[in-house]
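Take a look at the structure below.
Note on naming: letters A, B, ... go to the chains in the order of the sequence lines (proteins, then strands), and numbering restarts at 1 for each one.
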Amino acid sequence: MLRQVSHALAIRASRPGLHDFTDQLASWLAQSGVSEGLLTVFCRHTSASLLIQENAAPAARRDLERYFERIAPEGADYEHDDEGPDDMPAHLRSALTHSQLSIPVSNGRMVLGTWQGVFLFEHRRDTPERHIALHLVGE
Amino acid sequence: MLRQVSHALAIRASRPGLHDFTDQLASWLAQSGVSEGLLTVFCRHTSASLLIQENAAPAARRDLERYFERIAPEGADYEHDDEGPDDMPAHLRSALTHSQLSIPVSNGRMVLGTWQGVFLFEHRRDTPERHIALHLVGE
Amino acid sequence: MLRQVSHALAIRASRPGLHDFTDQLASWLAQSGVSEGLLTVFCRHTSASLLIQENAAPAARRDLERYFERIAPEGADYEHDDEGPDDMPAHLRSALTHSQLSIPVSNGRMVLGTWQGVFLFEHRRDTPERHIALHLVGE
């Protein structure tokens, strides 16, 4: 019979940019007792976001980070800058990526492709602790 | 035991741009009888979209709107303009944001962060009525 | 009583760009025996992605493709180019669109709007076979 489990993760990236936390999700999943289902990952912030991306090539990660720095740059003429120059770019980069990801689970594992990792995309320089809500439905 | 509930919302933004409808979602959730679960919000249009963003600073909202006006502008050389100059930019801005959001629910409330609101992002000038499908699974 | 069903689709786009596979989803849904629920579509790649977009106007599709070619172009100065000039743009275009879509189901059909189709967005020139995981919860 289907059931659901919830959990809260706190994550702090070591630096701004893409921070792979696939292992933390996999560990929680492994001890949840659910082998088939749907895992939803939700980021409770508007200046950090989620992204599924290349997990093997550090150069791809760096290109991604540079790309978002370029298309949503610091130093543009933003009206909102209460919290400094990285404030509004953080909201824009979050808007262009994801607050939420839902990933099917099979045999106790997320059905990620070989080269897919789940990343926290930290957009603030001071890398605050981030709160991620997890929801799992399955059996 | 898990159950599901569905609902349809009709929303009309007062102006193009970001329109906060968190309260309408919260109201429906409160009377659904589900306290723990997963709420999915789905926008049934390709010229309006969904976004979770800053709910407190009007300046952040205005910067977001200006940003999308700039990166997916009217007046570019689009092939598709059947419905006027705001037609193709509406599709582009929708593609860059979201048709769907899934938000975990705990204690009868969406687990939004303090500064997160759920917005309809209206990309057309004539702000038609928009149809939003809701799905809630939980108990 | 709620139940869940999973499935795997293999899709190969005939050309790079937007490839409508709504019919394949609808066919699987029709034979799943689930009439009310939530369908999650998950793309197991970081160089192809998902998008819900205009299903009627080929010109809108072409404008969308040209737009993403322009904002995440080939030939920029990328560090990561192991797999050729379309490698890094593929990751960027995937990051700007979606790895996953969840769509409510009612009366055995996705609640898509009249003009909405579900597209695989193929970003590589050699259009490899793509693996899409489906998860359906409902009754």
Side-chain angles (χ1 to χ4, degrees), chain B residues 1-10 34 37-50 68 70-74 76-83 87-103 123-124 128-139, chain C residues 1-4 18 34-42 49-68 70-72 92-107 109-119 121 135-139:
Chain B
M1 192 187 301
L2 289 186
R3 60 191 182 89
Q4 62 181 356
V5 201
S6 294
H7 191 59
L9 282 184
V34 171
L38 184 70
L39 173 66
T40 297
V41 185
F42 184 85
C43 177
R44 301 179 65 199
H45 306 273
T46 61
S47 58
S49 54
L50 302 171
F68 283 94
R70 186 170 68 76
I71 63 165
E74 291 194 18
D77 188 23
Y78 302 117
E79 181 184 357
H80 176 74
D81 59 359
D82 300 359
E83 298 178 45
D87 187 357
M88 199 58 220
H91 294 309
L92 300 178
R93 295 170 197 174
S94 293
L96 292 169
T97 52
H98 305 279
S99 298
Q100 164 265 322
L101 299 168
S102 293
I103 307 166
H123 304 301
R124 300 302 304 265
E129 188 175 71
R130 299 302 195 172
H131 300 275
I132 308 291
L134 306 182
H135 178 271
L136 175 62
V137 57
E139 63 195 323
Chain C
M1 194 186 302
L2 289 186
R3 61 192 182 88
Q4 63 181 356
L18 289 160
V34 170
S35 67
E36 309 294 317
L38 184 71
L39 173 66
T40 297
V41 185
F42 184 85
S49 55
L50 302 171
L51 198 57
I52 291 179
Q53 264 297 328
E54 237 281 353
N55 62 0
R61 180 179 57 68
R62 289 190 294 265
D63 277 329
L64 274 158
E65 293 172 354
R66 279 189 290 256
Y67 180 74
F68 283 95
R70 187 169 68 73
I71 63 164
L92 299 178
R93 294 170 197 174
S94 293
L96 291 169
T97 51
H98 304 279
S99 299
Q100 164 264 323
L101 298 168
S102 292
I103 308 166
V105 170
S106 180
N107 293 315
R109 303 178 63 163
M110 295 175 278
V111 298
L112 297 168
T114 311
W115 310 108
Q116 286 185 313
V118 184
F119 292 85
F121 202 171
H135 178 271
L136 175 60
V137 57
E139 62 195 321

*For B:Thr97, is it the side chain, the backbone, both or neither that has a heavy atom under 4.5 Å from a heavy atom of chain C?*
backbone
*For B:Ala72, is it the side chain, the backbone, both or neither that has a heavy atom under 4.5 Å from a heavy atom of chain C?*
both
_Rounded at 0.5 Å granularity, tell me how far CD1 in C:Ile103 sits from CD1 in C:Ile52._
4.0 Å
So for [X], is it side chain, backbone, both, or neither that comes closer than 4.5 Å to the heavy atoms of chain B?
X	value
C:Arg66	side chain
C:Leu96	both
C:Phe121	neither
C:Arg3	neither
C:Ile71	side chain

Side-chain heavy atoms of [X] within contact of [Y], under 4.5 Å:
X	Y	value
B:His123	B:Ser49	yes
B:Pro89	C:Tyr67	no
C:Arg61	C:Gln53	no
B:Met88	C:Leu64	yes

*For B:Ala10, does its backbone N or O pair with a side-chain atom of B:Glu129 as donor and acceptor, under 3.5 Å?*
no
*Just checking, any donor-acceptor pair under 3.5 angstrom between side chains of B:Gln4 and B:Ser6?*
no
*With sequence neighbours excluded, residues passing side chain to side chain contact (heavy atoms under 4.5 Å, CB included) with C:Ser106*: C:Glu36, C:Val111
*Out of C:Leu112, C:Asn55, C:Leu101, which one racks up the most heavy-atom pairs below 4.5 Å with chain B?*
C:Leu112
*Counting heavy-atom pairs under 4.5 Å to chain B, which of C:Leu51, C:Val105, C:Leu38, C:Thr114 comes out on top?*
C:Leu38
*Are there residues of residues 131-139 of chain B that reach to under 4.5 Å of chain C by heavy atoms, and which ones?*
B:Ala133, B:His135, B:Val137
*How far apart are the C-alpha atoms of B:His45 and B:Arg130, what are their side-chain angles, what is the distance that settles it, and do they pass the side chain to side chain donor-acceptor pair (under 3.5 Å) test?*
CA-CA 7 Å; B:His45 306 273; B:Arg130 299 302 195 172; 3.3 Å; yes
*Tell me, please, which residues at least two apart from B:His98 pass side-chain hydrogen bond (donor to acceptor under 3.5 Å, both in side chains).*
none
*Please identify each residue that fulfils side-chain hydrogen bond (donor to acceptor under 3.5 Å, both in side chains) with B:Asp87, with sequence neighbours left out.*
B:His80, B:His91
_For the interface with chain C, which of B:Leu92, B:Leu2, B:Asp77 has the highest count of heavy-atom pairs at distances below 4.5 Å?_
B:Leu92
